[in-house]
Amino acid sequence: MLFYSLFNESLVMHSVCNRICHLIRLWTVLLCLFINHGFAGKMKIVEEPNAFGLNNPFLAQGSRLQPKVTPAPVSGPAHLHRLAGKCFSLIEGMYKYEFCPFHNITQHEQSFRWNAYSGILGIWQEWEIVNNTFTGMWMREGDACGNRNRETKVILVCSTSSKLSQVSEPNTCVYSLTFETPLVCHPHSLLVYPTMSEELQREWDEAAQARYEGLITEQGYNNLLRGIFEDAGFLKSQNVKVKPQDVMVPSNTHSSLQQCNEDLQKQREENERLHALLTQHNIPSDPKPNEVKVPLTVTVKDQHLRGDTGVIDLQ
């Protein structure tokens with residue numbers, strides 16, 4: 001009887017153990033399915049650079065946003081210089097945009113993610129000039145975006161207060177920002193000519209007169225005008241170093257009035273040197289009678305030429 005009782009208890013325990021093992025295997029399968037279809041479906045592949053802590057004021061300066069280049073000097077209309085040192089922000093969706101005139105533009109993701117994105121969309125470089133008017137501020141050399149750097153064009157619009165009103169990305173890695181301010185409400189507030197020195201104004205007048213008289217081509221005029229704007233600090237210089245093997249042999253024609261005047265001056269200096277040499281050796285010189293002298297400068301006939309004839313897009 002005792003043996004029969006022990007045998008039954010053994011069968012019961014074996015059955016219980018089998019059920020427990022079966023339940024454990026079932027729970028293991030359910031747990032694996034939950035992990036594969038639950039957590040894996042919500043997992044996100046992070047493609048943004050890790051910018052964690054870039055806005056944390058308690059971190060070292062080296063851990064914050066680092067610009068690639070330094071901003072260009074403040075330039076353009078004098079009444080806009082008061083914007084230097086100020087910053088204006090705008091929140092659109094999950095991002096906060098901060099525009100600091102004549103400095104840079106930054107973008108910050110408003111999120112508690114461990115790697116919330118923060119980056120530079122552009123650093124102040126130059127103006128955009130069209131038809132004697134400042135039409136925009138270019139912020140270039142921002143953070144890397146594929147095989148190029150981010151850049152932003154800031155459009156100035158008349159308003160009763162200074163603020164950011166709109167940010168868009170019309171092209172990949174190229175942003176457009178609208179900045180409203182009462183400083184551009186006057187119809188002459190963005191004219192280029194009045195902001196330049198008298199010397200540069202005179203050079204512009206001479207170039208415009210030379211184009212009017214057909215002494216230089218349209219391309220030559222645009223090149224002269226760009227050089228004037230670069231000297232004024234409005235545009236970033238595009239001068240590049242030319243290798244000796246790339247230097248072209250000059251032709252007998254002149255591409256600009258300035259080059260023509262320079263060559264004429266060199267010829268006069270050479271004639272004076274030869275004349276002095278002949279006089280030193282008591283050799284008479286026979287200059288041509290009624291020699292006509294060509295002026296080195298061009299008289300401006302139209303004092304109203306200020307680059308407002310035709311559209312000149314130097315961008």
Side-chain angles (χ1 to χ4, degrees), residues 71-108 110 120-142 150-171 173-198 200-201 204-205 208 222 225-226 228-236 303-315:
V74 177
S75 63
H79 58 277
L80 295 181
H81 294 182
R82 68 186 71 177
L83 296 174
K86 300 180 181 180
C87 294
F88 306 86
S89 61
L90 171 68
I91 296 179
E92 283 195 355
M94 295 180 58
Y95 293 97
K96 176 182 179 181
Y97 300 89
E98 193 170 46
F99 168 52
C100 301
F102 303 106
H103 190 63
N104 65 10
I105 296 177
T106 55
Q107 180 188 34
H108 309 279
Q110 304 298 288
I120 300 176
L121 302 186
I123 300 173
W124 163 240
Q125 293 295 298
E126 62 181 355
W127 287 95
E128 180 181 84
I129 300 176
V130 178
N131 195 22
N132 189 28
T133 303
F134 294 105
T135 57
M137 304 175 68
W138 272 105
M139 307 285 187
R140 307 185 191 274
E141 301 299 332
R150 303 178 191 271
E151 59 182 6
T152 304
K153 177 183 177 181
V154 181
I155 303 173
L156 306 178
V157 179
C158 172
S159 180
T160 56
S161 60
S162 295
K163 62 180 179 179
L164 288 182
S165 61
Q166 185 179 3
V167 178
S168 62
E169 188 177 3
N171 298 307
C173 308
V174 180
Y175 303 84
S176 177
L177 186 149
T178 302
F179 179 68
E180 299 180 355
T181 175
L183 299 176
V184 299
C185 290
H186 192 278
H188 298 164
S189 60
L190 293 176
L191 290 180
V192 179
Y193 188 88
T195 63
M196 298 190 304
S197 64
E198 293 183 0
L200 293 178
Q201 288 179 353
W204 191 346
D205 292 339
N222 288 334
L225 203 55
R226 180 175 183 90
I228 294 173
F229 293 158
E230 291 179 359
D231 292 340
F234 302 153
L235 299 180
K236 186 177 180 180
Q303 294 293 340
H304 298 285
L305 286 177
R306 296 295 182 266
D308 56 352
T309 55
V311 177
I312 304 169
D313 190 351
L314 298 176
Q315 183 57 33

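As a basis for the values below, the full set of heavy atoms in this structure was taken, side chains included, without hydrogen atoms, waters or symmetry mates. All residue numbers refer to positions in the sequence shown, counting from 1.
At least one side-chain heavy atom of Leu191 sits under 4.5 Å from a side-chain heavy atom of Thr133. Using a 4.5 Å heavy-atom threshold, the side chains of Thr135 and Ile129 count as separate. At least one side-chain heavy atom of Lys153 sits less than 4.5 Å from a side-chain heavy atom of Glu128. At least one side-chain heavy atom of Trp204 sits less than 4.5 Å from a side-chain heavy atom of Val192.
For the side-chain hydrogen bond (donor to acceptor under 3.5 Å, both in side chains) test, residues two or more places apart in sequence or in another chain that qualify with Glu151 are Arg140, Arg148. A search for side chain to side chain contact (heavy atoms under 4.5 Å, CB included) contacts involving Gln107 returns Tyr95, Tyr97, Tyr117, Leu121, not counting sequence neighbours. By the side-chain hydrogen bond (donor to acceptor under 3.5 Å, both in side chains) test, Thr106 is found to be paired with His108, residues two or more places apart in sequence or in another chain being considered. Considering only residues two or more places apart in sequence or on other chains, Thr160 meets the side chain to side chain contact (heavy atoms under 4.5 Å, CB included) condition with none of them.
To the nearest 0.5 Å, atom CG of residue Asn104 and atom CD of residue Glu141 are 13.0 Å apart. In this structure, Ser189 OG and Leu80 CG are separated by 7.0 Å, a value rounded to the nearest 0.5 Å. One distance of note links CG of Leu225 with CG of Leu235; it measures 9.0 Å at 0.5 Å rounding. Of the inter-residue distances, the one linking Gln125 atom CD with Met139 atom CE reads 9.5 Å to the nearest 0.5 angstrom.
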Decide side-chain contact (heavy atoms from CB on, under 4.5 Å) for Met196 and Ile228; before the verdict, give the C-alpha distance in whole Å, the side-chain angles of both, and the deciding distance to 0.1 Å.
-> CA-CA 9 Å; Met196 298 190 304; Ile228 294 173; 4.0 Å; yes
Please test Ser89 against Glu98 for side-chain hydrogen bond (donor to acceptor under 3.5 Å, both in side chains), starting from the C-alpha separation and ending with a verdict.
-> CA-CA 4 Å; Ser89 61; Glu98 193 170 46; 5.6 Å; no
Exercise answer: donor-acceptor pairs, residues 175-187 side-chain atoms, under 3.5 Å, sequence neighbours excluded:
residue : atom : partner : partner atom : Å
Tyr175  : OH   : Arg150  : NH1          : 2.7
Glu180  : OE1  : Ser159  : OG           : 3.2
Glu180  : OE2  : Ser165  : OG           : 3.4
Thr181  : OG1  : Ser162  : OG           : 3.1
Thr181  : OG1  : Leu183  : N            : 3.2
His186  : ND1  : His188  : N            : 3.0

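Between the side chains of Gln110 and Lys96, no donor-acceptor pair is found at a separation under 3.5 Å.
The distance between the ring centers of Trp124 and Phe99 does not fall below 6.0 angstrom.
Pairs passing the side-chain hydrogen bond (donor to acceptor under 3.5 Å, both in side chains) check and including a residue from residues 72-88, sequence neighbours excluded, read Ser75-Trp127.
Ion pairing of Glu230 with Lys236 is absent here, as no side-chain N (NZ or NE/NH1/NH2) approaches a carboxylate O to less than 4.0 Å.
A donor-acceptor pair under 3.5 Å is absent between the side-chain atoms of Asp231 and the main chain of Leu200, judged by distance alone.
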